[in-house]
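Small disclaimer: the values here were computed from a predicted structure and weren't measured. Residue numbers start from 1 in every chain, and the chains themselves are labelled A, B, ... in the order their sequence lines are given, proteins ahead of strands.
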2 protein chains.
Amino acid sequence: MQRTPTVVDVATAAQVSRQTVSNVLNSPDIVRPATRERVERAIAELGYRPNAAARRLRTQRSSTLGIRLDHEQNGISGVVLDRFLHALVEAADARRFRVLLFTADSPEDEIAQIEALIEGADADGFVITATAENDPRLSWLHDRNVPFVSFGRPWGVPLDAWDSYPWVDIDGRAGVRGATQHFLAAGTQRVGYLGWPTRFGQDDERRQGWVEAMDAAGTPHDDLELAVEDDVDAAAAAVRTALSAGVTFEAVVCASDTLALGARMALPAAVPVVGYDDTPVAGALGIPSVAQPLVEAARAVVDVLLGSTGHAVLPAPAGHHLLEPSVVWR
Amino acid sequence: MQRTPTVVDVATAAQVSRQTVSNVLNSPDIVRPATRERVERAIAELGYRPNAAARRLRTQRSSTLGIRLDHEQNGISGVVLDRFLHALVEAADARRFRVLLFTADSPEDEIAQIEALIEGADADGFVITATAENDPRLSWLHDRNVPFVSFGRPWGVPLDAWDSYPWVDIDGRAGVRGATQHFLAAGTQRVGYLGWPTRFGQDDERRQGWVEAMDAAGTPHDDLELAVEDDVDAAAAAVRTALSAGVTFEAVVCASDTLALGARMALPAAVPVVGYDDTPVAGALGIPSVAQPLVEAARAVVDVLLGSTGHAVLPAPAGHHLLEPSVVWR
């Protein structure tokens, strides 16, 4: 790229100071008209275009949001974060922001990457995903007043501190509760749940929605719950085992499309199965599934991060958005 | 973020010029030891850290690759570009580069975005995807000596000009040819092909691999070819129509996993079906599929773009890489 004219060149040509040139560009009202015209003429003749890097340097702002993207997540639900990323790029673009990707080996490495990006004024704020227990990232960012939003509730932080962290998340409990209630409202009683073995935190949130709905309807459900790792064959095997033991299902709600696929293969066609994540697999096979409102989530993330000022606020306002998913019925 | 000490602060504290401070940082050997020590002491006392944005401004280099990412591609094969993106972030990271995402409404809009990124020294080079006939991007970039690589052959450019454009692509013809040859080598004759209706350019490349393999084996194939839009139900219907008309298939090779899913639903279980893209759908349903070597492609893209110098070269060397996919047999 050729050497482009700089502010200094314009100042020299117009016989004014650099500050005056800067004023003409940023605060023209404070410059005397004759001076302003002389500077504008020099700008036009030299073909000077304000350099975003220079502006960034002065203001330490870059109009860029940073987010970590690791090697691909195998499996059916890996698509969720990719869909979120697409939506984030669009939502950021609407606020004239871009998205910068980096990769990291660990939460600690991610912190180091973020630190480097801040140092180089490469990113204005950050989106943190996949929060987990004992996650060092949130407190690190919070303590240093780095603008960020967590996509995912701050599960690694004590509940009474959640309010101090900005986050956007999707209510898995509500999603599964809604799917379950759909069957109960139609008079179906034996609505099963096929989920994961974990019994705490975010991995248990979806199951809690099923429990809530069944309890609210006064429907006994001890024998209707299956737990297995997130694997198609394991899910099919678990369902077959239950069927062989004499359990009957009138419908099965699942924690993921992976589990739903297994359930679908093992159950009679007449028994409805609902998955979670509305992946291309569910779409291709006509399996109803709880869809996460990722476009809405991305917009909420950008809104929280950029607020009303149009650039990342220091510190980020502790906004919180819990969005409700809905079932895509097929 | 607080105001951090600058080069000017260090120069003032050490009572030297800015250039001397810069020399201490970048070319210490040319600075007298006493002066160097004085500057280093000032750096330490002030806590000065060289600002990457300032370096970027001086050199107009940003250690960033730009790539467009639009709203999500629905469908089963949308995963391919997302997988490539994951691989690209990793490959770039290995060369200490990051990836900047932006979105655009059209090829012309993409050019405008790229221009803005160049202007702001926000990106060092670009990865162009989804090249198409009459694509204005490649010649625009080429004519302005903007470093770029096309992931996808420059289909919109006359064949005799391909050598002047840097590109990396995956040999779809070889992938389908290999899958077809696998069956022919085992003595199978009636290997069908289920593809798309287009008969030119990149959309016909995969079919050509099947034609090549069948012709090389001297196997007649007029009635073995089906063409339909990339849709599961349409694919299943096309296969059923052929079966009803008395066509028999001993195997079917498909242009995509979407088509393979439809074929799988319509064909007897004993007839093997091979898809393309090795998506999670194929994995979940146990359908063999041609896998694109996306990790290798991403590394090749970065290698072509960054060459041996470690930063984008102006102009980018016109490297070309055609990578061979292979079937994931299940």
Residues A/Leu261 and B/Ala284: closest non-hydrogen pair is CD2-CB, 3.3 Å
If you count the non-hydrogen atoms of other residues, nucleotides and ligands that lie under 6.0 Å from CZ in B/Arg68, is the total more than 12? yes
Who passes ring pair (Phe, Tyr, Trp, His ring centres under 6.0 Å) against A/Phe102, sequence neighbours left out? none
Close side-chain approach of B/Leu101 to A/Leu88, heavy-atom, < 4.5 Å: no
Do the side chains of A/Arg98 and B/Thr64 get nearer than 4.5 Å, heavy atoms only? no
Can you list everything that forms a side chain to side chain donor-acceptor pair (under 3.5 Å) with A/Arg330? Sequence neighbours excluded, please. A/Asp278
For A/Leu69, is it the side chain, the backbone, both, or neither that has a heavy atom closer than 4.5 Å to a heavy atom of chain B? both
Assess whether side-chain contact (heavy atoms from CB on, under 4.5 Å) is satisfied between A/Leu85 and B/Asp82, documenting all intermediate values. CA-CA 9 Å; A/Leu85 184 62; B/Asp82 288 327; over 6 Å; no
Please classify the contact of B/Ala87 with chain A as side chain, backbone, both or neither, using a heavy-atom distance under 4.5 Å. neither
Below 4.5 Å, heavy-atom pairs only: which of B/Val89, B/Asp93, B/Thr258 has the largest tally toward chain A? B/Val89
